Amino acid sequence: MEHYDVIVIGGGLLGCFAARGLRRYRLKVALFEMREDLCMGISRANTAIVYSGCDTKPGSLKTSMCVSASQGFARLCGELGVRYSLCGSIMVSFGERGDKVLRNKLELGAENGVRGMRLLDSEGVYALEPNLAAGVHTGLYVPDTGTVMPWDLCLAAAENAANNGAQILLNTEVTGISSVSQGGGYEVSTSNGVFFARGIINAAGMAADRVHELASDPVVRIVASAGDYFVLDTKAAGHIRHVIFHEPEVKGKGLTLVPTVDGNILIGPTERPGDDFRTEHVGLDELRELVSRVMPTLPMEHIIRSFGAVRPNPHLLKRGENGDFVTDDKSVSDFCVLESGDGAFLSFVGVKTPGLTCANELGSYAAEKMAACMGAGINPEFDPLRAPTVRLSDLPFDVRELFTQMNGPASCRIVCRCRGVSEAEIVNAITRVPGATTVDGVKRRTGAGSGRCQGSFCSQRVGEILRLESYGAL
Ligand SMILES: Cc1cc2nc3c(=O)[nH]c(=O)nc-3n(C[C@H](O)[C@H](O)[C@H](O)COP(=O)(O)OP(=O)(O)OC[C@H]3O[C@@H](n4cnc5c(N)ncnc54)[C@H](O)[C@@H]3O)c2cc1C
C-alpha cells in the first residue's frame, strides 16, 4: 500500500492550492481527483472575479483572507504565470435603497482595510462606464477588484504542486476512509486501490460534506442552488471596462458584468433552485431582462455561449424532533473549515464566493495547520515559480514572426481560428503535467474552441492532435 503524509481529496481550486501549499513543507503529498481532469467542479463555472473584501463581515476568516488575497493577487499570478486583469469594479445604484447599500459597503470596506474605494455621483459613473442605462444615482468604485481565468489559476497551481513533487492521480474517486487504530492515520479506499495517509485535506466541493462523513460525525450539509450565465464574444470587448455590480432597488439578485481576461463579457449569475450545471430558460430570461434595464445597449447578438453553475450552500445540522439530522434554515456565512482527528483531517465544506479569490489563502491555511499537526519542517527546495505558457495571440505582430522562426512551423500553424491558437500551444497543453487528455481539457488550457464558432471548426483537429500525442498515430 502506497503511504503518503497527506492526501488531498478533490482537484478544484482549493485542492490544487492545498497540494501546492503542502509542498512548502517536508511532506509526501498526493491529490486524488475522481474526474479525468482537474478543475471540473465548482471551480470550472463561476464569475471569475477577484473580490476586494468590501462586502463581508469584519473580523471573519472570509474577510481577512479576501482583503489580503486581493491585495496580493498580482504577485500570486506573477509567480504562477497566470493572466490577471486588475480592472476595478463599480457597484451602481438606481435609487435610494441602492444608494444606502453602497454607503454601507463603503463603510464596511474601510473597516475591512480595502484600499482606494470612493463613492461617485452619476456623472462620475458615466465618465467610467458610459454605456450604463440612464438613471444611475450613485457608484461605488473599488480599484482592487480584478478578474482571472479560474481554469488558468487552478491548473497553474496544480502544475506548480506537481513540479514540486506532489503526485496527482486522476480518475481516482475516494470511496471510503477508515481511521487506523494502531499508530494513527487513515486508510483511504479509492477506485484505484487503497492508500495510507497520516492526514487528509478534504476539498471535494459539492461532495465535501459526504466525504467528511466517511470519517467523522455529520456537522454541516451542503444544500445546492444553481445559477446561469451568458458569455459575449470578444466583438463586444470594450463595451464595459470594469466589473459592474448592479444593486437592485427591490430585494433580489442584481446583474453582474465582467470583462474577462480573454476579452469576453460574462453576464450573470442568477440564483435559482437546482443542483446541476444545466442552464434554465427562466434564469437566462431573467439575465436578458436585467440587461435591458441596466445596460440596454449591451450587444446581446454576440452571445456565443451560456453555462450553468452550482453553489454549495453549507447549512449546520441539528437534531430534529424524531432524532434525525435536519439542516438549519440559514446557511453558514463564513468559510467553513471542519477539523477532526486531532487536526489530521481538515474539510472545506461549502466554500462559495470568494473561494476563487481566497484559494491560495485557504490552501496555505490548511497546509500550515497540517504541517503543524505533523511537526513537518519547511521544504527548502520548494519553488513557487511556474513558467507561463506563451499564447501566440498575445504577442505583438512583429514579435510573432521572430517567435515562430525560433520555435518552428507548429508555432504558427493556427488550429483555432477564432482564438488564434497554434498547434504548438495545443501540443504543449497535452504534454505539460497535468496535461489535457480531452478536447475539453485542451480548451480549458489554451482557449481553443472557446471562441465565436465554439469549436465547430477546430475540435476535430484538436482531437487528432490529442490522438497523435497520446498514441503516436492517427
Ligand atoms: C456561481 C458561483 C460563482 C462564483 N463566483 C466567484 C467569484 O467570482 N469569485 C470568487 O472568488 N469565488 C467565486 N465562487 C466561489 C468559487 O468558485 C469556489 O469557492 C471554488 O471554486 C470552490 O472550489 P473547490 O475546490 O472547493 O470545489 P470544486 O472545484 O468543485 O472541486 C472539488 C473537486 O472534488 C472532486 N471530488 C468530489 N468528490 C470526490 C471524491 N470522492 N474523490 C475524489 N474527488 C472528488 C470533484 O470532481 C471536483 O473536481 C463562485 C462560486 C459559485 C458557485
Side-chain angles (χ1 to χ4, degrees), residues 46-58 60 62-63 66-67 70 87-112 114-147 225 227-230 239-259 265-272 283-298 300 309 311 313 331 333 352-354 356-357:
N46 55 57
T47 322
I49 298 171
V50 176
Y51 283 91
S52 64
C54 73
D55 50 9
T56 47
K57 212 166 141 195
S60 62
K62 199 181 252 187
T63 299
C66 192
V67 173
S70 75
C87 52
S89 63
I90 305 177
M91 179 170 279
V92 291
S93 77
F94 287 83
E96 298 289 331
R97 182 183 175 276
D99 293 350
K100 202 169 151 214
V101 174
L102 265 52
R103 281 196 300 272
N104 285 344
K105 286 196 194 283
L106 179 68
E107 276 176 28
L108 208 57
E111 194 178 339
N112 291 345
V114 177
R115 305 178 297 197
M117 301 170 74
R118 61 177 199 272
L119 277 180
L120 306 171
D121 59 13
S122 62
E123 211 175 302
V125 173
Y126 289 119
L128 294 178
E129 289 295 346
N131 292 317
L132 278 161
V136 168
H137 266 212
T138 315
L140 176 61
Y141 174 67
V142 184
D144 269 343
T145 309
T147 177
S225 65
D228 312 274
Y229 292 86
F230 280 125
H239 207 83
I240 58 169
R241 296 182 214 139
H242 306 81
V243 171
I244 296 177
F245 299 111
H246 148 240
E247 184 57 45
E249 276 305 285
V250 285
K251 214 164 178 291
K253 214 160 162 42
L255 183 70
T256 302
L257 301 172
V258 182
I265 294 177
L266 195 62
I267 307 172
T270 54
E271 170 87 61
R272 60 170 173 79
L284 297 177
D285 290 348
E286 188 185 320
L287 290 178
R288 284 183 188 279
E289 200 272 326
L290 279 167
V291 166
S292 72
R293 281 193 283 129
V294 178
M295 192 171 279
T297 56
L298 197 65
M300 298 295 272
R311 293 183 179 85
N313 306 299
S331 104
S333 65
K352 301 193 291 178
T353 306
L356 156 66
T357 308

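All figures in this text were calculated on a predicted structure; none of them were measured in a lab.
Partners of E271 under the salt bridge (charged side-chain N to carboxylate O under 4.0 Å, His left out) rule, at least two apart in sequence or in another chain, are R311.
Residue C66 comes nearest to T357 through the heavy atom pair SG-CG2, 4.1 Å, listed as atom of the first residue, atom of the second, then distance. Of all heavy-atom pairs spanning R272 and G227, the tightest one is NH2-O, 4.2 Å. Residues C54 and V142 share a closest heavy-atom pair of SG-CG2, 4.3 Å. Taking every heavy atom of both residues into account, D99 and T138 meet most closely at OD1-OG1, 2.8 Å. Of all the heavy atoms in H242 and P259, the pair that sits closest is O-CD, 3.5 Å. Considering all non-hydrogen atoms of both residues, L140 and L102 come closest at N-CD2, 3.7 Å.
Put simply, the side chain of F94 does not reach to within 4.5 Å of the side chain of R293, judged on heavy atoms. Side-chain contact between L255 and I267: present, with at least one pair of heavy atoms (C-beta onward) separated by less than 4.5 Å.
Side-chain contact, H239 with T297: a donor N or O sits under 3.5 Å from an acceptor N or O. Under the 3.5 Å distance criterion, with hydrogens and angles disregarded, a donor-acceptor pair is assigned to the side chains of Y229 and T47.
Ionic pairing of E107 and R103 is not present here: no N-O contact between side-chain nitrogen and carboxylate oxygen is shorter than 4.0 angstrom.
Just one of V243, I49, V258 meets the side-chain contact (heavy atoms from CB on, under 4.5 Å) condition when paired with S89; it is V243.
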